There are 2 protein chains.
Amino acid sequence: MSLESVPPKYAQLVHALQRRIESGDYPPGSLLPSENQLIQEFGVSRPTVVAALRVLREQGWIESQQGKGRFVRGRPARSTDRPRPGQAYLTAPESDTPGELLEVGVLAAPNRVATLLGLEAKSKAFLRRRLIARDGEPAEIVSLWLPLEVTEGTDLTTAMPLDEGIREHLQTRKGVRFDHVAEQITARMPTTQEGRQLGMPRNTPLLAVYGTVKDASGRALVAVEVLMPADRHELEDAYPIG
Amino acid sequence: MSLESVPPKYAQLVHALQRRIESGDYPPGSLLPSENQLIQEFGVSRPTVVAALRVLREQGWIESQQGKGRFVRGRPARSTDRPRPGQAYLTAPESDTPGELLEVGVLAAPNRVATLLGLEAKSKAFLRRRLIARDGEPAEIVSLWLPLEVTEGTDLTTAMPLDEGIREHLQTRKGVRFDHVAEQITARMPTTQEGRQLGMPRNTPLLAVYGTVKDASGRALVAVEVLMPADRHELEDAYPIG
DNA sequence: CTTAGGTACTTGACCTATCAAGTGGGCTCT
DNA sequence: AGAGCCCACTTGATAGGTCAAGTACCTAAG
């Protein structure tokens, strides 16, 4: 059986037009061929052409003006799919990233984490902390904090690297579903232990990213803390302006 | 003449369904009425229903599964319109935010700024630096760096507060259009001068946000540097998870 | 020469269809 | 009773249209 699924026509058209824009064939500011011209050239119907152009507009490649036509803007500044810090640690198996398991166990959550998880101050929570290495050097300390009732009946409490993502694990074992993440970014000086673990020079601050994963009802499921030496790592982003 | 333009049907449908989700009429996790049911209830055609549901899916209100139906996720966690740090200083007039003009003039751009603006190291650029106060206390140092060729023929070089946004000013005077912003976030220790201006306690790092405004062709127009004491200010964000 | 109107072309918003693909329940046959 | 098949219902993709609204250009009337 040949099950080579071909992408839908409108997606093919999106791809073709993106290539023409990137190659400079359709330079920024120029007028895109009209709907009728695209219908003729690609041999598809108008709804298909319109669907492709809608995708391109929503992704920021082009903008349209009724009565005039559609204008090329150029490759959008990473409109979508930006890698959020910490997000990888929620979905990817631990075995995917080289690193060392620093701490696994139940202990009193710091104030900030307790607040993020909606727990009372000084309540106990489950911690899973890893030192991530990049290019053979320690790069980040990633801490996952989970309320005790979330970890019940899971394998997260083992001191072994998980070969399944946290997200998948919790979904299958507990039936909880990740819905959105609330993110906070701040900076502080490292503790002496953190400075040693990350091999940081003196007087260098830490960039700290806190992500709280919640389900659709707003209940906090996991808090992720990512600590990065600010002299080596930066957070990057880009977004279009209205 | 009654020229009260009514919103298109699909937009009305989007609004109606959003209200039902927010009111709890369609609780999260529940199954939305099928396309055919919505066609009957609202008396519209299938493409109209599908268009509305596509908008809702792209905004994160619902998710769809072929063969089963569409499931309610709930109001998306500020999928759009999050206030970006530094963005306000590009559009709002300076007179809108209380603050003190620290520096205005042409001087050698720091390495980082020169790189962001695409200038050679140690080139001169125009600087406009302000100390922003919030609740009567110094809160942020905002620096706008502009290449000299961008400031030519503008009023930006005056030492007076501008009663027009930078963006509007550049658009009308120079015809340049802001297209997108590239953002970098890092942290560092304040200089003694910065620490004094911001009234920072000892051993507290600065959270630094660098935004580079570019036009559609990728030419850098403005670089914004926002310096915040990390003990008082944090960056917040939220995003849905696939 | 200037202006008003018409016309052609564009995108936006709909409509009625058809086929494909995925899901789940019920029916039938063993 | 159990296994397997079929059918109904769902969303996804695509085709063929119509009408409205906005823009640009040309032309004819003043």
Side-chain angles (χ1 to χ4, degrees), chain A residues 1-18 20-21 26 28-73 171-172 175 177 242, chain B residues 1-18 20-21 26 28-73 242:
Chain A
M1 302 265 300
S2 78
L3 284 188
E4 315 141 17
S5 66
V6 292
K9 289 185 184 176
Y10 78 94
Q12 295 179 32
L13 225 177
V14 167
H15 195 73
L17 294 175
Q18 284 174 341
R20 292 190 184 179
I21 293 176
Y26 295 159
S30 67
L31 203 56
L32 220 61
S34 75
E35 294 178 2
N36 277 326
Q37 287 173 305
L38 292 173
I39 289 169
Q40 297 239 328
E41 178 179 350
F42 289 91
V44 295
S45 70
R46 192 175 172 219
T48 304
V49 169
V50 170
L53 293 172
R54 177 177 40 73
V55 171
L56 288 174
R57 192 191 48 191
E58 284 166 357
Q59 291 185 355
W61 291 78
I62 62 176
E63 57 191 278
S64 51
Q65 207 168 334
Q66 194 176 2
K68 297 180 79 170
R70 290 175 163 100
F71 297 88
V72 177
R73 288 189 61 177
Q171 167 121 29
T172 56
R177 290 201 50 196
Chain B
M1 307 225 305
S2 78
L3 283 187
E4 313 140 18
S5 66
V6 291
K9 288 185 186 177
Y10 78 94
Q12 295 179 33
L13 225 177
V14 166
H15 195 73
L17 294 175
Q18 283 174 341
R20 291 189 185 180
I21 292 175
Y26 295 159
S30 66
L31 202 56
L32 220 61
S34 77
E35 294 179 1
N36 277 325
Q37 288 173 305
L38 292 174
I39 289 168
Q40 297 240 328
E41 178 181 348
F42 289 90
V44 294
S45 74
R46 194 177 167 215
T48 305
V49 169
V50 170
L53 294 172
R54 177 176 40 74
V55 171
L56 288 175
R57 191 190 49 192
E58 284 166 357
Q59 292 185 354
W61 291 78
I62 64 176
E63 57 191 277
S64 51
Q65 207 169 333
Q66 195 177 3
K68 297 179 79 170
R70 291 176 161 102
F71 296 89
V72 177
R73 287 188 61 175

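The structure displayed is predicted, hence computed values, not measured ones. Heavy-atom basis, side chains included; hydrogens, waters and symmetry copies ignored. Each chain gets a letter, A, B and so on, in the order the sequences are listed, and its residues count up from 1.
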S.K.: Out of curiosity, A:Leu31 CG to A:Phe71 CZ, how far, rounded to the nearest 0.5 Å?
M.R.: 5.0 Å

S.K.: In whole angstrom, give the distance that lies between atom CD of B:Gln40 and atom C1' of D:dT10.
M.R.: 15 Å

S.K.: How would you list, by chain and number, every residue that makes a salt bridge (charged side-chain N to carboxylate O under 4.0 Å, His left out) with B:Glu63, sequence neighbours excluded?
M.R.: A:Arg177, B:Arg73

S.K.: Show the atom names and distances, to 0.1 Å, of all donor-acceptor pairs under 3.5 Å that link a side chain in residues 39-52 of chain B to residues at least two apart or in another chain.
M.R.:
from	atom 1	to	atom 2	distance (Å)
B:Glu41	OE2	B:Arg20	NH1	3.1
B:Glu41	OE2	B:Arg20	NH2	2.5
B:Ser45	OG	B:Thr48	OG1	3.4
B:Arg46	NE	B:Glu35	OE1	2.4
B:Arg46	NH2	B:Glu35	OE1	2.9

S.K.: Let me know the distance between CZ of A:Phe71 and C1' of D:dG22, rounded to the nearest Å.
M.R.: 12 Å

S.K.: Drop me the distance from A:Arg54's CZ to B:Arg54's CZ, to the nearest 0.5 angstrom.
M.R.: 3.5 Å

S.K.: Whole angstroms only, please: what is the CD1-P distance between A:Ile39 and C:dT10?
M.R.: 10 Å

S.K.: May I ask you to verify if any side-chain N or O of A:Ser64 is less than 4.0 angstrom from the OP1 or OP2 atom of C:dT10?
M.R.: no

S.K.: Does a nitrogen or oxygen in the side chain of B:Arg70 sit under 4.0 Å from OP1 or OP2 of D:dT11?
M.R.: yes

S.K.: Find the distance B:Glu58:CD to D:dG12:C1' and express it as a whole number of Å.
M.R.: 14 Å

S.K.: A:Leu56 has an atom CG; how far is it from atom C1' of C:dT11, in whole Å?
M.R.: 15 Å

S.K.: To the nearest Å, give me how far apart CZ (A:Arg57) and C1' (C:dT11) are.
M.R.: 10 Å

S.K.: Measure across B:Arg70 and B:Ser64 and return the closest heavy-atom pair with its distance rounded to 0.1 Å.
M.R.: CG-CB, 3.5 Å

S.K.: So, for A:Leu17 and A:Leu53, which heavy atoms are closest and what is the spacing to 0.1 Å?
M.R.: CD1-CD2, 4.0 Å

S.K.: Could you state the CZ-C1' distance from B:Arg54 to D:dA13, rounded to the nearest angstrom?
M.R.: 13 Å

S.K.: Going by the rule side-chain hydrogen bond (donor to acceptor under 3.5 Å, both in side chains), which residues pair with B:Tyr10 if we only count those two or more places apart in sequence or in a different chain?
M.R.: none

S.K.: Taking the side chain as every heavy atom from C-beta outward, state whether B:Leu13 and B:Leu56 have any pair of such atoms under 4.5 Å apart.
M.R.: no

S.K.: Enumerate the protein-to-nucleotides 15-18 of chain D contacts in which both atoms are nitrogen or oxygen and the separation is below 3.5 Å.
M.R.:
from	atom 1	to	atom 2	distance (Å)
D:dA15	OP1	A:Lys9	NZ	3.0
D:dA15	OP2	A:Ser45	N	2.9
D:dA15	OP2	A:Ser45	OG	2.6
D:dA15	OP2	A:Thr48	OG1	2.4
D:dA15	O5'	A:Ser45	OG	3.3

S.K.: Using whole Å, what does the distance between atom C1' of nucleotide D:dC9 and atom CG of B:Leu38 come to?
M.R.: 15 Å

S.K.: How would you list, by chain and number, every residue that makes a side-chain contact (heavy atoms from CB on, under 4.5 Å) with B:Pro33, sequence neighbours excluded?
M.R.: B:Tyr26, B:Gln37, B:Leu38

S.K.: Counting only side-chain heavy atoms from C-beta out, which of C:dT10, D:dT10, D:dA13 sits nearest to B:Asn36?
M.R.: D:dT10

S.K.: Any side-chain N or O of B:Tyr10 under 4.0 Å from OP1/OP2 of C:dC14?
M.R.: no

S.K.: Between protein and nucleotides 20-24 of chain C, what N or O pairs are separated by less than 3.5 Å?
M.R.:
from	atom 1	to	atom 2	distance (Å)
C:dA21	N3	B:Gln66	NE2	3.3
C:dG22	N2	B:Gly67	O	3.2

